[in-house]
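Structure record follows, encoded as structure tokens.
All values below come from the heavy atoms of this structure, side chains included, with hydrogens, waters and symmetry mates left out.
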Amino acid sequence: PQPHRLRGEEALVGQALDRAQTDVADSSDDHSTGPSKPGNRPAAEGDVWIGRVLANVYKVEAKIGEGGMGAVYRATHVHIGKQVAVKVLTDLIARKGDSVERLKQEAIAASSIDHDNIVDVISFDRFEDGSVFIVMEFLRGESLAERLDRLREGQQRMPLREVIGIALQICDALGAAHERNIVHRDLKPENIFLQMKGAKERVKVLDFGISKIKTADAEQVRMTRTGQLVGTPLYMSPEQARGETDIDRRVDLYALGVMLFEMLTGAPPFEGRNYFELLWKHGNEPPPSLQARCPEAGYSRELDEAIQ
């Protein structure tokens, strides 16, 4: 990998991974990840958004994803023909002020960072009927979660060189966000997108919807009630698991460590039979070593220390 301009803890992680790369034999070079796939799937019959023109500019064409807060569509700028992605809140969510603020927070956070490894947010707006949407750059490729699932199905591990290349780009994105006092708080493979740019793979960090912006005086927007858990349990830091509200960029570094462990071994360090057991493990148990979880890979002590 080319030298990265990282600062602080993100730089230490990147430097440790660079050092580890020279000491670990990459025994997985023959494990092909295959071609990227667009990830588009047909929209549900009767989708009211298909065919609509938002803000007299973006014509919605197809649904490409769906989540708890709403759906993501492929759209085209009617004047210049450029494809974009549009995230639309569900009607139920859109009626809740905090959810609208959360989506607006995503737009503000991502656009203020302006980094090659963070998805570009183009617009935030409301439709005539009160619906709320956010317009982002359209990405072709797959999420890290999709790639990991495919590797698990083939009983393969991600090659070390690929892991480090992805990790360094995530560090770049986090370094840029943290310099602006923005904490993502929900890093997970589903929020890491992998796209090809020419002959190189570029990482994009998605979904700053529950990010936390801190100023010297106070938080700009408090998106959650005191004590409310934020994040995804498999990648949640101990302080998040305890419901602490005074969290900082270290929760993102913790989540990155969990993702690195999963990329290298095929499974996250902690798994549980239920939500509460998983949270307890994050808060009370030491993480397993790479050697203990995956001894056949021959990972070095230096790499294990970088992840820990």
Side-chain angles (χ1 to χ4, degrees), residues 1 4 6 8-29 31 33 117-118 142-152 156-178 183-194 201-206 231-238 240 249-271 278 281-282 285-308:
H4 283 62
L6 301 175
E9 293 165 333
E10 299 86 358
L12 296 178
V13 173
Q15 291 164 8
L17 289 171
D18 272 335
R19 289 196 301 272
Q21 180 175 225
T22 63
D23 297 322
V24 180
D26 188 359
S27 60
S28 307
D29 280 345
H31 293 171
T33 60
N117 295 120
I118 295 175
E142 64 181 349
S143 70
L144 177 58
E146 290 172 324
R147 181 166 300 178
L148 289 172
D149 285 342
R150 191 173 68 247
L151 289 170
R152 278 190 285 263
Q156 298 175 337
R157 289 189 307 273
M158 185 177 290
L160 176 61
R161 187 175 295 107
E162 185 178 332
V163 173
I164 292 177
I166 292 171
L168 289 174
Q169 292 186 67
I170 297 174
C171 283
D172 269 345
L174 291 180
H178 295 165
V183 182
H184 190 286
R185 301 204 294 177
D186 194 26
L187 281 177
K188 55 187 176 182
E190 289 81 359
N191 284 338
I192 304 299
F193 198 85
L194 310 173
E201 186 168 71
R202 177 176 291 177
V203 171
K204 290 281 187 175
V205 179
L206 313 178
T232 303
L234 280 171
Y235 310 94
M236 190 178 288
S237 69
Q240 285 176 293
R249 66 184 187 174
R250 288 174 291 184
V251 303
D252 289 345
L253 297 177
Y254 184 91
L256 173 60
V258 175
M259 289 193 295
L260 288 171
F261 190 98
E262 183 176 4
M263 285 189 277
L264 290 166
T265 68
F270 298 117
E271 296 180 286
L278 186 56
K281 287 183 176 181
H282 275 289
E285 291 188 2
S289 68
L290 292 175
Q291 292 94 335
R293 178 64 65 85
C294 202
E296 70 279 6
Y299 293 135
S300 70
R301 178 177 56 83
E302 288 79 8
L303 180 62
D304 213 350
E305 289 176 352
I307 302 300
Q308 298 290 335

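- Residues Val205 and Leu174 are not in side-chain contact: their nearest non-hydrogen atoms beyond the backbone lie 4.5 Å or more apart.
- Counting only heavy atoms from C-beta outward, the side chains of Leu194 and Val203 approach each other to under 4.5 Å.
- Considering Arg152, Met263, Glu296 in turn, Glu296 is the only one that fulfils the side chain to side chain contact (heavy atoms under 4.5 Å, CB included) rule with Arg157.
- A distance of 10.0 Å separates CD1 of Ile192 from CD of Gln169, quoted to the nearest 0.5 Å.
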Checklist entry - Could you go step by step and tell me if Ile166 and Met158 meet the side-chain contact (heavy atoms from CB on, under 4.5 Å) rule? => result CA-CA 11 Å; Ile166 292 171; Met158 185 177 290; 4.0 Å; yes
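- Atoms CD1 and NZ, on Ile118 and Lys204 in that order, are 9.0 Å from each other to the nearest 0.5 Å.
- One distance of note links CG of Leu256 with CZ of Arg250; it measures 15.5 Å at 0.5 Å rounding.
- The main-chain N or O of Tyr299 is never found under 3.5 Å from a side-chain atom of Asp304 such that the two would form a donor-acceptor pair.
- At least one donor-acceptor pair under 3.5 Å links the side chain of Gln240 to the backbone N or O of Arg185.
- To the nearest 0.5 Å, atoms CG (Leu253) and SG (Cys171) are separated by 7.5 Å.
- For Thr265, the side chain to side chain contact (heavy atoms under 4.5 Å, CB included) partners at least two apart in sequence or on another chain are Phe261, Leu290, Arg293, Cys294.
- Applying the salt bridge (Lys or Arg N to Asp or Glu O under 4.0 Å) rule to Glu190 yields no partners; only residues at least two apart in sequence or on another chain are considered.
- When all heavy atoms of Val258 and Leu234 are compared, the pair lying nearest together is CG1-O, 3.4 Å.
- At least one donor-acceptor pair under 3.5 Å links the side chain of Gln308 to the backbone N or O of Pro288.
- The shortest heavy-atom contact between Met259 and Pro189 is SD-N, 3.6 Å.
- Leu160 places a side-chain heavy atom less than 4.5 Å from the side chain of Leu264.
- Remark: Glu262 CD to Phe270 CZ distance equals 13.5 Å, nearest 0.5 Å.
- Residues that satisfy the side-chain hydrogen bond (donor to acceptor under 3.5 Å, both in side chains) test with Arg301, not counting sequence neighbours, are Glu305.
- The shortest distance between side-chain heavy atoms of Leu260 and Ile170 does not fall below 4.5 Å.
- Checking side-chain atoms of His184 against main-chain N and O of His178 turns up no donor-acceptor pair under 3.5 Å.
- Closest heavy-atom contact between Tyr254 and Tyr235: CD2-O, 4.1 Å.
- The OG atom of Ser289 lies 11.0 Å from the CG atom of Leu303; values are rounded to the nearest 0.5 Å.
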